[in-house]
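Have a look at the structure below before the remarks.
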There are 2 protein chains.
Amino acid sequence: MDSADIKLLKEGYLLAALSHQEFEEVLTHAGVFTLMQNECLFDQGDPATHFFFVLSGTVKLCRIAPSGEEKVMDLVRPGHYFAEAVMFMGGRYPVYARVLEPTRLVELDNKHFLGLLRSNADLCMRLMSTMSQRIHGLVNEIDNLTLQSGAQRVIGYLLQQLPEGTAPPSVRLTVPKHVIASRLGIQPETLSRVLAKLRGKHLIDVHDDQIVFNDVDALRCLS
Amino acid sequence: MDSADIKLLKEGYLLAALSHQEFEEVLTHAGVFTLMQNECLFDQGDPATHFFFVLSGTVKLCRIAPSGEEKVMDLVRPGHYFAEAVMFMGGRYPVYARVLEPTRLVELDNKHFLGLLRSNADLCMRLMSTMSQRIHGLVNEIDNLTLQSGAQRVIGYLLQQLPEGTAPPSVRLTVPKHVIASRLGIQPETLSRVLAKLRGKHLIDVHDDQIVFNDVDALRCLS
DNA sequence: GGCGCGCATTGATTTAAGTCAACCGGGTCC
DNA sequence: GGACCCGGTTGACTTAAATCAATGCGCGCC
């Protein structure tokens, strides 16, 4: 773990609650490692012993239906945690985790971290805050899935990816399109058609994984 | 608040972490009141100042789409909390709350409770545990919405309502059917048709809000 | 180069669920 | 009693999205 990594981890919202000494202690209980493209971190149902922080790369969290098809529940990017809530459900990961590209991760030991939580109210507050945000995100997700059309979800997703103040406004899709489709709860074909339609209306231009927005406001009011 | 109420509240998982003295103090900051059928507790977007515990009755938590249609996010029954995660999102309720029948509630003051959390690690642990369960529930919900058919969701819901070891196995729908439909993300007509179909296959019998299961195992393997 | 493979796109078709409309039975109110 | 409303059911029809199938394209590999 180089100094940039440590900086990223330390500045992540959660651990900012720790004193220098506590942070050092966390490091002694933390593992750092790299997974290669498509490697699996844990399977749905595996005993949950750690939670994770992404240093670089992308992690895909999925559910699999009995029928075999999979639904991407979340895509985790550098600077974010995942599976930290599982720590309290005592048991098993409710999703499986796989990386989409070479990905470097920090793993934090649940047992040790629970001990730390007992002695640090600030840390508790921060963890509760992140969990609460996650809940809010999931509620929004359900809202989207039940009250919005596929096209609206696509537009919402694109706008969400849009960084602040770029001109011309554009996004780069960093994950394969079929993964985005699953993330949005639609089929790849449907995603393709939605993008084609938006292109037809000259609201966006698509060049491979690069999407240029011609009229952000118009898109906003469609979502 | 009579002694049965106090017992229910005290035995609810969350507050069991409190000493007798702490519990008494919580009571001094807690309000108890009754809402009549269809009364609104808070609106989506209202500033969140309290969270709640249901003593009796049923609370409906909803989102409203721009189009005006609503999606029931959750139905909260006696012995359970709601809106406790909102406490950390600083701000506003992400759903609106309305009661389906005369309902008695305990309201707990966010500010005071946050203070209590700072001084009581056990309480933190319990709250994190309930939040984590909520997350798990929401993940399952998304799974259901994206990977299962409407019929499967109906069956799953019915089985979930089924109490342990009743013979003959049956459930009583305590909320109007159109509310259940919205809860499941389908239209009332669809719910009606699914039930009719199950009835046609002699898997269940329906008499108004009473549903008798003729073959629980067959239903289980359909869900 | 030629071959195969995976991903994306496009078209044709199917299907699950939504929409629209009619009807029924139970409750309430005049 | 009759008029009304509300919730649920059922039927006819529409529609959004899934499915199936064909094609194209980039890429690695022998």
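Each chain gets a letter, A, B and so on, in the order its sequence line appears, and its residues count up from 1.
- Atom C1' of nucleotide D/dG26 and atom NE2 of A/His207 are separated by 17 Å, given to the nearest angstrom.
- With contacts defined as side-chain heavy-atom distances shorter than 4.5 Å, the pair A/Leu191/A/Leu195 qualifies.
- Checking C/dT19, C/dT9, D/dT10 against every side-chain atom of B/Gln187, the shortest atom distance belongs to C/dT19.
- To the nearest angstrom, P of C/dT9 lies 9 Å from CG of A/Asp208.
- Taking atom CG on A/Asn38 and atom C1' on C/dG6, their separation rounds to 12 Å, with Å as the unit.
- At the phosphate of C/dA16, neither OP1 nor OP2 sits under 4.0 Å from any side-chain N or O atom of B/Ser149.
- Within the nucleic acid shown, A/Pro188 has no heavy atom closer than 4.0 Å to any nucleic acid atom.
- A/Arg199 has a side-chain polar atom (N or O) that falls below the 4.0 Å cut-off from OP1 or OP2 of C/dT10.
- Atoms CG (A/Leu198) and P (C/dT10) sit 13 Å apart, rounded to a whole Å.
- Between the side chains of B/Ser223 and B/Arg153, not a single donor N or O lies within less than 3.5 Å of an accepting N or O.
- Rounded to an integer number of Å, the gap from A/Leu100 CG to C/dC7 C1' is 14 Å.
- Among the heavy atoms of the strands lying under 4.0 Å from A/Ile186 are primed sugar atoms or P, OP1, OP2 only; no base atom is included.
- Residues A/Arg153 and A/Glu189 both approach DNA chain D. Their nearest nucleotides, taken by heavy-atom distance, put A/Arg153 toward the 5′ side.
- When heavy atoms are screened at a 4.0 angstrom cut-off, A/Ala196 is found touching the sugar-phosphate backbone but no base atom.
- Considering only side-chain atoms of B/Lys177, the nucleotide from D/dT9, C/dT9, C/dC7 that sits closest is D/dT9.
- B/Tyr93 meets the ring pair (Phe, Tyr, Trp, His ring centres under 6.0 Å) test with B/Phe42; sequence neighbours excluded.
- B/Gln37 has its CD atom 12 Å from the P atom of C/dT28, to the nearest Å.
- Between the base of D/dG11 and the side chain of B/Arg193 there is a donor-acceptor pair shorter than 3.5 Å.
- Going from atom CG of A/Leu173 over to atom C1' of C/dC7 covers 14 Å, rounded to whole Å.
- Below 30°, between 30° and 60°, or above 60°: for B/Phe82 and B/Phe52 the angle between ring planes is below 30°, a parallel geometry.
- Using a cutoff of 4.0 Å between basic side-chain nitrogens and carboxylate oxygens, A/Lys60 and A/Glu70 are scored as salt-bridged.
- Nucleic acid contact class of A/Leu191 (heavy atoms, under 4.0 Å, all strands): none.
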